[in-house]
Trainee: 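If you scroll down you'll find the structure; I have some questions about it.
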Amino acid sequence: MARIVGIDLGTTNSLVAYMKDGKPCVIPGRSGRTMVPSVVAMTDNGLIVGDPAKEHLTRSPDRTVYSVKRFMGRGLADVQGELAYFPYSLTEKGGVIRIKLGEKTYSPPQVSAMILKELKQRAEAHLGESITKAVITVPAYFNDSQRQATKDAGLIAGLEVLRIINEPTAASLAYGLQEKTQGTIAVYDFGGGTFDISILKLKNGIFEVLATNGDTHLGGDDLDRRIADLLLHEIRAGHHVDLNAYPDHMQALRLEAERAKIHLSDNLKTQVAIELPDGTSRFSRELTRDQLEASVMDIIERTLAPCRMALKDAGLTPADIDEVVLVGGSTRMPFVRHRVQELFSKQPHWEINPDEVVALGAAVQADILSGGTTDMLLLDVTPLSLGIETMGGVMSSVIRRNTTIPASAKEMFTTYVDGQTGVDIHILQGERELAKDNRSLARFRLKVPPLPAGVPRIEVTFLIDANGILNVKASDMRTGQSQSVEVKPSYGLSDSEVERMIEDSFKFAQEDVTARKLIEARLEAGALITTTEKSLSEGSRLIAPDTLASIRAAVAALASAKDGNDPKAIRARMADLEQAAKPLSVAMIDDSLKRSLQGKKVTEVT
């Protein structure tokens, strides 16, 4: 079987790895460095990638792209709040961000493909063979559109992406290979652009993800930015110069902030120096580890709330966690390690290089797919519930969050109105009770023959493949007609919605349940009124006038309660109407039986 490589397509750096003599190894470049900076630059001689491109950040920042992973599968509206931090030009076409490089514009998958091509060429030069298949990692909290964009990048780069796997899950594979750990593991992944926490259960070679959480827009870039903002303020105050007006100096400042952060992971202090735009003076100051930690403390604290939420989702406490694994370059900071240790009350693991561990795990997954490793099984989960909108704007979940994938589920639905000729299938993602509070993924319409309400049987099937991509199919069980869609999600999810989606499901749980109960009660009340009025039109002649009056009074009372906001009152009036209408139901059944028997006698005589 053709060799399959594992790729960590990172926000800051990317790596490629393979299995050698039963162990995963990261492939170095000609200089011996294993990491390829995720940077692409346009030069007079064409596009360059990696370390040479990174040098252009200070020379021509408007023609150099970094942190492109931030834009994968997103629209311009999603990143408005951060445009000031990127010196290159961004536009939008067809709901997809376009990045200007020279005279051309490129989509984020196209730019990412350039990085993947560099990794592909590195692997081919090292292994002496053609590489066409890969496993690529993504943050656990990447949504469907971001995963699809990653697959597209691989395709553009000439790679068949056999599997998209979550970065924390890949890290657990790397540790599982070397440690054969049994128990429950928390994988804390604080990388350059994203933060993820995964709670995994390891037993007999099976890795099962119990829960995931995270922040798709929190990483080492934010730490660099905080240090840069601190220095920017001091330069403005002491030298009366605003470096924001000088893009090349701003990039030099960002790189110096990154260098200082890295240096302070191993040292208590460092010297920071920036050449100023006048060309004759420079800003210099000593930065200590304590000062760094004080300035970024709130960013580190933001990583802990998703950890607590993931524990809650898994039904665990910190005491239930056997091992904690640190992933991502940002976990080199002593303060990060200290806070993680405090939260979980145990010493975290960082024996494997935190910059390489994800790529190593991807290589293990690649080996599993190629048949090389047979004693491990990976079970991943979908991070958010998936379902459809039903009558009244309610979300009906078909696949619950944290369901192991690949997964499929079926639900049966029907029509609400007589004579409906079509059913709108609105696919949703999220944890709230009402459709309007969840993320809209896709819509399509299934035609059905006009029948009385409740007669059609519509089977809706959700299938999530191993890459987390969703396929939805709706079928009319009477006619066999079906309609399906592979979800290419809209880009309507803002950063704040991503960060708050799970938290809001708990915060607004009581309100959401109350709202859902009211909607359901109103719908059921409306259906009961319609059914009762239909029965009255057909059978009022069969009951006494006082019985008819009491039924009409009960209908009026229910109609009045239906307009109110108390589901309990609505259900109480429904019970009253059902009780009042019993004589009508009995009379109509008796009348139907009599007519049936009379018809039978006539047939026999004839």
Side-chain angles (χ1 to χ4, degrees), residues 1-18 26-30 33-43 46-54 64-74 88 96-99 101-102 104-139 142 144-167 170 192-193 358-359 361-363 365-366 369-370 465-469 488:
M1 187 174 181
R3 188 188 296 275
I4 307 169
V5 295
I7 293 176
D8 173 9
L9 183 60
T11 306
T12 310
N13 295 290
S14 297
L15 305 93
V16 58
Y18 75 112
V26 175
I27 298 174
R30 286 187 296 272
R33 266 175 50 82
T34 57
M35 293 190 293
V36 175
S38 300
V39 183
V40 175
M42 174 64 77
T43 70
L47 288 163
I48 57 174
V49 179
D51 286 308
K54 191 172 181 179
T64 308
V65 178
Y66 60 92
S67 295
V68 68
K69 189 172 175 177
R70 297 268 196 181
F71 308 125
M72 292 287 278
R74 307 175 81 194
Y88 44 87
V96 177
I97 287 176
R98 306 289 297 185
I99 302 165
L101 277 174
K104 294 183 179 180
T105 62
Y106 300 86
S107 68
Q110 286 176 308
V111 176
S112 294
M114 299 171 196
I115 300 166
L116 290 172
K117 281 181 182 176
E118 179 71 19
L119 296 170
K120 180 177 185 288
Q121 290 167 5
R122 172 178 287 198
E124 288 175 339
H126 183 83
L127 297 169
E129 60 185 272
S130 176
I131 299 296
T132 60
K133 300 176 187 289
V135 168
I136 301 180
T137 62
V138 296
F142 253 25
D144 299 295
S145 58
Q146 290 166 308
R147 291 170 189 268
Q148 187 63 51
T150 304
K151 289 190 76 176
D152 292 343
L155 187 65
I156 296 167
L159 290 168
E160 181 185 354
V161 183
L162 298 179
R163 182 71 61 89
I164 297 282
I165 65 167
N166 293 340
E167 289 160 7
V358 169
Q365 175 65 66
L369 293 177
S370 67
D465 67 17
N467 297 316
I469 306 298
K488 305 262 182 178

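Values reported hereafter were calculated over all heavy atoms of this structure, with side chains retained and with hydrogens, waters and symmetry mates removed. In this chain, residues are counted from 1 in sequence order.
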Trainee: How many angstroms lie between atom CG of Asp8 and atom CG of Leu15, to the nearest 0.5 angstrom?
Mentor: 5.5 Å
Trainee: Working to the nearest 0.5 angstrom, can you tell me the gap between Leu162 CG and Gln365 CD?
Mentor: 9.5 Å
Trainee: Minimum heavy-atom separation for Tyr88 to Ile99, with atom names?
Mentor: CD1-CG2, 3.8 Å
Trainee: To the nearest 0.5 Å, what is the distance between OH on Tyr66 and OG1 on Thr12?
Mentor: 10.5 Å
Trainee: Could you walk me through whether Leu155 and Val161 pass side chain to side chain contact (heavy atoms under 4.5 Å, CB included), step by step?
Mentor: CA-CA 7 Å; Leu155 187 65; Val161 183; over 6 Å; no
Trainee: Can you check whether Ser370 reaches Lys133 side chain to side chain, under 4.5 Å on heavy atoms?
Mentor: no
Trainee: How close do Arg33 and Asn13 get, heavy atom to heavy atom, and via which atoms?
Mentor: NH2-OD1, 4.5 Å
Trainee: Show the nearest heavy-atom pair for residues Val16 and Ala123, with the distance to one decimal.
Mentor: CG2-CB, 4.2 Å
Trainee: Side-chain donor-acceptor pairs under 3.5 Å in residues 112-120, sequence neighbours left out?
Mentor:
unit_1: Ser112; atom_1: OG; unit_2: Pro108; atom_2: O; d: 3.1
unit_1: Lys120; atom_1: NZ; unit_2: Glu124; atom_2: OE2; d: 2.9
unit_1: Lys120; atom_1: NZ; unit_2: Ile131; atom_2: O; d: 3.3

Trainee: Examine distances only and state if a side-chain atom of Arg122 and a backbone atom of Thr34 form a donor-acceptor pair shorter than 3.5 Å.
Mentor: yes
Trainee: What pair of heavy atoms forms the shortest contact from Leu101 to Met42, and how long is it?
Mentor: O-CE, 3.7 Å
Trainee: I want to check something: taking the side chain as every heavy atom from C-beta on, are Gln148 and Pro109 in contact at a cut-off of under 4.5 Å?
Mentor: no
Trainee: Quick check: does any side chain N or O of Thr11 sit under 3.5 Å from a backbone N or O of Gly192, one acting as donor and the other as acceptor?
Mentor: no
Trainee: Determine whether Thr150 and Met72 make a side-chain contact, defined as any pair of heavy atoms from C-beta on separated by less than 4.5 Å.
Mentor: yes
Trainee: Within this structure, what is the NZ-CZ distance for the pair Lys104 and Arg98, rounded to the nearest 0.5 Å?
Mentor: 11.0 Å
Trainee: To the nearest 0.5 Å, tell me how far His126 NE2 sits from Gln121 CD.
Mentor: 15.5 Å
Trainee: Report yes if the side chains of Val40 and Leu47 come closer than 4.5 Å at any heavy-atom pair, otherwise no.
Mentor: yes
Trainee: Give me the atom names and distance for the closest heavy-atom approach of Lys69 to Leu9.
Mentor: NZ-O, 2.9 Å
Trainee: Taking the side chain as everything from C-beta on, heavy atoms only, tell me whether Arg163 gets closer than 4.5 Å to Val135.
Mentor: yes
Trainee: With distance as the sole test, does Thr137 use its side chain to make a donor-acceptor pair with the main-chain N or O of Glu167 at under 3.5 Å?
Mentor: no
Trainee: Please report the shortest heavy-atom distance between Ile165 and Ala362, naming the atom on each side.
Mentor: CD1-CA, 4.4 Å
Trainee: How many angstroms lie between CD1 in Ile97 and CZ in Arg70, if you round to the nearest 0.5 Å?
Mentor: 12.0 Å
